[in-house]
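Notes for the one structure printed next.
We count ligands from 1, going down the list as the structure has it; atoms in each ligand are counted the same way. Numbering starts at 1 and runs along the sequence shown.
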Amino acid sequence: MDNKVIQTIKDRRSIRAYKKDQLVPQETIEILKECALYSPTAQNKQEWHFSFIENPTLILEMEEYIVSEILKNANDAIKERMASINNKVVYDAPLLVVISVDRETLGYYGKLDAGIAAQNLCLAAESLGLNSVMLGMVAPLFKGDKSDHWKTIVKMPETHDFAIAVAIGYGAMEGIKKELDYSKISVVK
Ligand SMILES: Cc1cc2nc3c(=O)[nH]c(=O)nc-3n(C[C@H](O)[C@H](O)[C@H](O)COP(=O)(O)O)c2cc1C
């Protein structure tokens, strides 16, 4: 189909390996910021915040902490899952966007607002020749003893809590082919 938006939606896959040394150009990052801010929110409240972490060394430090937290209390299934992704969470992506939401809103439409913005970022990245993956597994940074430390590092507003993150970069693998399950759709005529 000759429709760029539809093709972009179909082409986007979660990518779990990135070219470490290929940074996202600054002008591309600026477009991604704009696309995040263009996202719709319930009642146009815009109670999200986007922390654009553009420092690969810091991203690695964050990842090390997350992995150590996950493995600390992990059962065998979690250890196995972590081993299957080489004990990586951000997969060497050079750009990490942490989306946080005002905690008063998080239980209502906040998570939806954050998810929509995450998808805007993923689709914008795809259309700019980049790859992405949404990351719920970044959550351990913002729970427990060191959460204030990491919130300060990523400049998350004090009123906000973590919702979802998006890793973006140039993929070093193909995505997993999607099988469409039409049983998830009911038709009412
Ligand atoms: C809310 C949410 C959280 C996710 N968290 C992770 C994550 O922490 N790590 C990861 O590798 N993938 C994560 N994913 C990606 C999903 O695993 C992926 O979307 C799913 O397997 C379908 O693959 P596709 O994105 O290529 O269509 C997350 C996706 C969503 C929507």
Side-chain angles (χ1 to χ4, degrees), residues 5-20 32 35-36 39-42 48-51 53 59-75 77-101 103 105-144 147 150 154 160-185:
V5 175
I6 290 171
Q7 201 55 51
T8 302
I9 291 170
K10 288 171 143 187
D11 286 345
R12 182 214 56 82
R13 292 276 70 74
S14 293
I15 294 300
R16 298 189 177 85
Y18 290 87
K19 294 174 187 164
K20 274 192 215 197
L32 293 171
C35 291
S39 307
T41 54
W48 24 228
H49 181 86
F50 302 94
S51 301
I53 301 151
I59 293 173
L60 270 183
E61 280 172 34
M62 295 165 78
E63 180 177 71
E64 269 175 34
Y65 178 82
I66 296 164
V67 172
S68 70
E69 283 297 292
I70 292 173
L71 292 180
K72 216 157 64 181
N73 304 309
N75 59 26
I78 293 175
K79 283 183 192 156
E80 221 169 274
R81 160 86 181 130
M82 289 304 291
S84 77
I85 51 175
N86 300 317
N87 285 326
K88 287 189 175 286
V89 172
V90 190
Y91 312 114
D92 295 321
L95 174 64
L96 179 67
V97 184
V98 172
I99 306 177
S100 55
V101 176
R103 68 180 64 87
T105 317
L106 203 58
Y108 298 93
Y109 285 112
K111 276 195 181 163
L112 286 175
D113 292 344
I116 290 164
Q119 180 72 341
N120 258 21
L121 281 167
C122 291
L123 293 179
E126 178 72 34
S127 77
L128 292 165
L130 290 151
N131 301 101
S132 66
V133 59
M134 291 188 202
L135 296 175
M137 276 166 80
V138 164
L141 280 175
F142 308 107
K143 292 179 183 162
S147 68
W150 289 113
V154 306
H160 284 37
D161 280 333
F162 171 78
I164 187 75
V166 183
I168 298 171
Y170 294 93
M173 62 170 281
E174 293 289 312
I176 298 167
K177 192 180 173 310
K178 197 92 174 174
E179 300 296 338
L180 300 187
D181 179 359
Y182 280 92
S183 76
K184 303 288 182 186
I185 298 179

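Under the side chain to side chain contact (heavy atoms under 4.5 Å, CB included) rule, L135 has a single partner from I164, L96, I66, which is L96. A side chain to side chain contact (heavy atoms under 4.5 Å, CB included) with L32 is found for exactly one of V166, V97, L95, namely L95.
Here V133 has side-chain heavy atoms under 4.0 Å from ligand 1, and that is the only part of it that gets that close.
Among protein heavy atoms, atom 13 (C) of ligand 1 sits closest to M134 O, 2.9 Å. For atom 5 (N) of ligand 1, the nearest protein heavy atom (residue, atom name, distance) is G136 N, 2.9 Å. From the protein, the heavy atom lying nearest to atom 8 (O) of ligand 1 is M137 N, 2.9 Å. From the protein, the heavy atom lying nearest to atom 22 (C) of ligand 1 is K178 NZ, 3.7 Å. Protein heavy atom nearest atom 25 (O) of ligand 1, with residue, atom name and distance: S14 OG, 2.5 Å. For atom 21 (O) of ligand 1, the closest heavy atom belonging to the protein is R16 NH2, 3.8 Å.
Atom OH of Y65 has more than 12 neighbouring heavy atoms from other residues, nucleotides or ligands inside a 6.0 Å radius. For NZ of K20, the number of neighbouring non-hydrogen atoms (other residues, nucleotides, ligands) closer than 6.0 Å is 12 at most.
Listed by atom number, the atoms of ligand 1 under 4.0 Å from R13 heavy atoms are 24 (P), 26 (O), 27 (O). For ligand 1, the atoms closer than 4.0 angstrom to any heavy atom of Y91 are 9 (N), 10 (C), 11 (O). Of all the atoms in ligand 1, the ones that sit under 4.0 Å from a non-hydrogen atom of I164 are 1 (C), 2 (C), 3 (C). With ligand atoms numbered from 1 in the order given, ligand 1 contributes 24 (P), 25 (O), 27 (O) to contacts under 4.0 Å with heavy atoms of R12.
Taking NZ of K10 as the start and CG of L180 as the end, the distance is 8.5 Å to the nearest 0.5 Å.
At least one side-chain heavy atom of M137 sits less than 4.5 Å from a side-chain heavy atom of I70. Side-chain contact between F50 and V98: absent, with no pair of heavy atoms (C-beta onward) separated by less than 4.5 Å.
Not one N or O on the side chain of N131 forms a donor-acceptor pair closer than 3.5 Å with the backbone of R13.
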